[in-house]
Amino acid sequence: MPEKEQGSFQTASNNVSFPDLEESILEFWKKNDVYKRSLEQRADQKRYVFFEGPPTANGKPHPGHCLTRAIKDLFPRYKTMQGYLCERKAGWDTHGLPVEVEVCKELGIHSKEDIEAYGVEPFVQKCQTSVWQYMQQWEQLTERLGFWVDLNKAYVTYHQSYVESVWWSLKSFFDRGLLYQGHKIIWWWAQGGTALSAGEVGQGYKTVKDPSVYVKFPLLDRENTSLLVWTTTPWTLPSNQFAAVNENIQYATVYDAEEDLYLVFAADLVEKIATKMKRELEVKSTCSGAELVGLRYQPPFDYFYKTDGDKTGALKSGETEAVAWRITSADFVTTDSGTGAVHEAPAFGEVDYELLVSEQDRFERGQGPELICPVGPNGKFTNEVPEFEGQWVKEADKALTKKLKEENKLYLLEQYEHEYPFCWRADEDPLIQYPRESWFIKTTQYKDKMLENNQQINWLPEHIKDGRFGNFLGSNVDWALSRERYWGTPLPIWVCQSTGQMEAVGAYEELMTKPGLTGTEVWDNAKAANPDLVDDLKVHKPYIDALTYDSPFEAGARMQRVSEVIDCWYDSGAMPFAQWGYPHQGEEEFKQQFPADFISEALDQTRGWFYSQLAISTLLFGDDPEIKFPHPFENCIVLGLMLAEGQMCVKCQHRHMEVVKKCEKCGSKVQRKTEKMSKRLRNYSAPNEIFDSFGADALRWYFFANQPPWTSIIYSSRAIKESIPQFLLRLWNVYSFFVQYANIDGFDPSSVSDPAQLSPETLASGRGYRPVEQRSELDRWIISELNRTTKTIVDRMDNYDNYVACTTLSGFVDSLSNWYVRRSRDRFWAEDKEDADKLDAYWTLFECLAATCKLAAPFVPFVTEAIWQNLIGSFGADSSAVTSVHLCDYPVADDGKIDETLSRQMNLLREIASLGLSARMNEKLKVRQPLSGMTVVLNDPIDQAWLETHDELLKKELNVQEIAYTTDAGDYVTYQVVPNFKLLGPRVGKLMPKVKAAFGAADGKTMLESLSSSGKAALEVEGESIELTADDVEVRLKANEGWAAAQGTEAVVILSTELTPELIRAGMARDLVRLIQDDRKTQDLARISRIEVEIFTNSSELRNAINENRNYIVGETLAREIKIRDLTNGEVDTFIFDQKDCTNKNVRTEKVLTEVNRASVKIVVRLTK
RNA sequence: GGUCGUGUAGCUCAGUUGGUUAGAGCGCGUCGCUGAUAACGACGAGGUCCCAAGUUCGAAUCUUGGCACGACCA
């Protein structure tokens, strides 16, 4: 921290290092326990409930996590300042395949067999320690970003209490019949013996060529006629159970003369297939698909057909039907490819399996078709297909095709190029769809309730509700819960080894009380052998599997747990209650902290955590009339995807992290490129680099203020850096300005008796403090702006709209910096330290800074804290000043201080100032050159009187001597009248274009005069007279050619451009002041030190200029004396200041002045004793 | 293939219930200011508001159909 100078405040350096500042603030928070205190002081207040979605700590945190953690910090901080109690319990997701994969990598093993060989016990132990591998990095990032969360009270999904909560919920489902066993067709990695998640499958798609076969399925009831069926997986043909057609497609029966055979397939495809076969296919008849349904056929292989071909079963309708090998109907059949008739092997395709299930559903229980699956989990044919037993199915494709050909069942064979998934870990291994036994939660039974629950959630952006999330719920399928893995919450179901009956267990203690329980010694022994083992492992595999007990279903039988663990998404979805260990413990906490007011994660959690939470909560609590929808969360911000930005060479595609002009490798042009963040490409910089170079506030502000949070956010250090000057630096500059002058003037707020939160009421007791109403207009204006800003920010933040809140805040700081401070500079420089207006300026700025700190604190917690600390510094350690800005209450707008009229007027004034500068610019008249006058033509005279009272301000800003206002534009301006479309449109309807034209033709001046005298005007259109009132007309001013003018929406400004000798001399004086000030600065003179000035010149004009403006120059430069001396030839070039080499300065000095009047000059500035 | 989203200046994005001169920041260019100064201000160039049709007096905005990109799911 900088040293304290003479004044009340510590100096605030102009080139502040935000990263260093932040480190010291982190220290301060730690030392003063600020986070803890922010909770303690709200202990009795209404709760604002936040749920932390648990990240997986076994990977490094990346920029996307910074975004989620930033937004998760913002709203709790805001709500805490607003007076709510917002506890923030951290959490960690610790189970699942990613952890196992990580450990496998470390061990250099792959398959489940490898894991079994290594030993499940040591494997699980390794998983448990592995999840903490990157914990330190996570904690460091969390702290550095300023994310306040209780890391030491974190919930952990592998903890025993957590696991038991999950068990309790699953037992509830089991007992209510919502947990059942079934088949699921999954993408199966046969070589590795494991299923792959959708995400993993998605990673492994490759374009490959597979055989594509058109196979003849002879129809039993039609002589010499075959259904033509298409498939790209010949190996599934032995498992054929049905052929599917679409009822709404037309099918043709064609005659193939060459084979003397009739074929049935989609009518639309006849030509295509005839072309492929290079044969004439004569269409004999057509029929709809519906007419084909029910026809029986002979499948190409008879491994099952030979025994079951004639098997029939009883339908629920009372009729009897063949269980298999007949034509069924399915919507998914199209004529996009193939033949419009699809081979169905339900074991090896998800839609095929669904078809089987719906077929089974038509039959009486036990009468329908059973799943045919002659392939083992190793991907090889079983002895049910003796000819190919032991062959890897994909390799059997060829032999099977050959056999079809030999038996004259193959009609056509071709190669088919398509995308097919391979294992992402072993990319030679194609995946196959394969049926596995699996446990399901019957979420479909609660679909309507979930939808109803969803309707009441406030989603941001809104379209998630009925869009992505709503649709997902609408097409809900039962949740496949079980995983045939090792590191996860064990499925708490025990099976009777004799009868197969099952029961669920809801707690470890419950298990301990089971009759005849054995197996506890397995854990005890492990613990004895290694006392460091964490106790939570005893509810995990393999220890939990060792526990067996007497069956309640049959005497003498034993109960043994099923082997599966559960989907780790279930773990995280159970966190609303499991984080407290509910219901075994933590009942009070659960009741207080359910449901959540606020959660936020990225879009990818739609089907992840957002769904798992909603599903579990709805199934568990949806029937409880006490618990109202929505739960378990009410407001949810869905964050956009984060993209990386890099520079990519257009030629060699080499990526550059930094902005470079040419490619480092090949010298070609580089282009900015946004793309997905990728670990492999390393196309983004680590969060720590951002923290170290720009700071956490910069990153946070960039996230909050540059776009609504749900759009995709480009993570680029360039963009983050560029966002700093606009807000952070501007705020800092205002603050630094304040500190500089407050110290010079000895402004000391410590006379305030009870500073507390530095709110207007408490500041009122300060020395020299006057009520706002008594202060100057500029002060009243900025205070009004402050309250307007406060009102908007609170409104926006209450609606979870951080983006507009930030834009508003940034706009206020801009007004403060670029108008209030800019226009108040003179007041701060005033000679008399006790001047009331000067003190007003200090108190106003002080109040604005204090309030801005509070407003900005949730967004940029570091810099606001740093400023706050200095603002309260003068009060001393024992004062009532609140220790930290984060312990303050969030500001509330004071409507009484909002002055909309003043706001409008000040905007107009600023616009006129802008226009004046613009007009000067066009005439190339620099601001240092005074001008005699300026005329302002107002669009609307309503504010003229007000503006006239601000002549001084505008004169100073624009450096003009006189300002005149007029509504009589004279020669300067032409009035244009345009219709107010919004008002006139509905009134005149189709006449509008004509009205517009009539306006164009009308004389604006006349119409305006009529309006101002009688309040109305008439317009002739198509023989009709349309009466207009003032509201129907918009007036625009247009500056005429030939004037130094600038036009805006509200006014036109015209400058007097004639330069008299007096004006030129005044300009020279101002130039001189500028040069003297420059020299003072170069010599590093203190701002208040007095000087004497010697001016060497031979120019009589310049001498006159000095003499005429002596008071002005003396006043501006704090000169005690100005001496004018002769300049001898050549002196300019050789002159050197007393202490410094100022050659360059001299050159510049000469240049500046010669531009004006071709006078040479040199200036000597000396400090007076 | 399905669902959802996005398409506006060189880049990143705003744009309220449809209203006729479509905005901001950055970048670029020109200029200015000068005791907040490694800051700041003004001005300028730059737009087929993805395309097409429709509704309407009037469409960046509403409807329909395309196209492109992205995400998720198949």
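Lettering follows sequence order; numbering is per chain, from 1.
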S.K.: Within the 4.0 Å heavy-atom criterion, would you say A:Val978 contacts the bases, only the backbone, or no part of the nucleic acid?
M.R.: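 Touches nothing.
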
S.K.: Students often get this wrong, so: under 4.0 angstrom with heavy atoms, is A:Lys994 touching a base, only sugar-phosphate, or nothing?
M.R.: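 The answer is nothing, as A:Lys994 stays clear of every strand by at least 4.0 Å.
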
S.K.: Side chain of A:Met992: nearest nucleotide among B:rC26, B:rC4, B:rC57?
M.R.: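 The nucleotide sitting nearest to the side chain is B:rC57.
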
S.K.: Of the nucleotides B:rC72, B:rG19, B:rA36, which has the atom closest to the A:Phe737 side chain?
M.R.: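 For A:Phe737, the side-chain atoms sit closest to B:rA36.
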
S.K.: Just wondering, do A:Leu603 and A:Ile464 contact through their side chains at under 4.5 Å, heavy atoms?
M.R.: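 Of all side-chain heavy-atom pairs linking A:Leu603 with A:Ile464, at least one is under 4.5 Å.
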
S.K.: Does A:Val734 or A:Arg730 map to a spot on RNA chain B nearer the 5' end, using the closest nucleotide for each?
M.R.: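 Its nearest nucleotide lies further toward 5', so the answer is A:Val734.
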
S.K.: Categorize A:Gln726 for me: base, sugar-phosphate, or nothing, with a 4.0 angstrom heavy-atom threshold over every strand shown.
M.R.: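 Here A:Gln726 touches the backbone only, sparing every base.
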
S.K.: With a 4.0 Å cut-off on heavy atoms, is A:Thr711 in touch with a base, just the backbone sugar-phosphate, or nothing at all?
M.R.: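 The answer is sugar-phosphate, as A:Thr711 gets under 4.0 Å only of primed atoms, P, OP1 or OP2.
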
S.K.: Please determine, for the side chain of A:Asn818, which listed nucleotide (B:rC4, B:rA36, B:rG41) has the closest atom?
M.R.: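 Out of B:rC4, B:rA36, B:rG41, the nucleotide with an atom closest to A:Asn818's side chain is B:rG41.
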
S.K.: For nucleotides 42-47 of chain B, just jot down a letter per nucleotide in 5' to 3' order: B, S or -, based on protein non-hydrogen atoms under 4.0 Å.
M.R.: BS----

S.K.: Rounded to the nearest angstrom, tell me the gap between atom CZ in A:Arg607 and atom C1' in B:rG2.
M.R.: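 Interatomic distance, CZ of A:Arg607 to C1' of B:rG2: 10 Å.
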
S.K.: Out of the candidates A:Phe828, A:Trp732, A:Tyr820, A:Phe9, only one should pair with A:Phe738 under the ring pair (Phe, Tyr, Trp, His ring centres under 6.0 Å) rule; please name it.
M.R.: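 So, applying the ring pair (Phe, Tyr, Trp, His ring centres under 6.0 Å) to A:Phe738 and each of A:Phe828, A:Trp732, A:Tyr820, A:Phe9, only A:Phe9 qualifies.
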
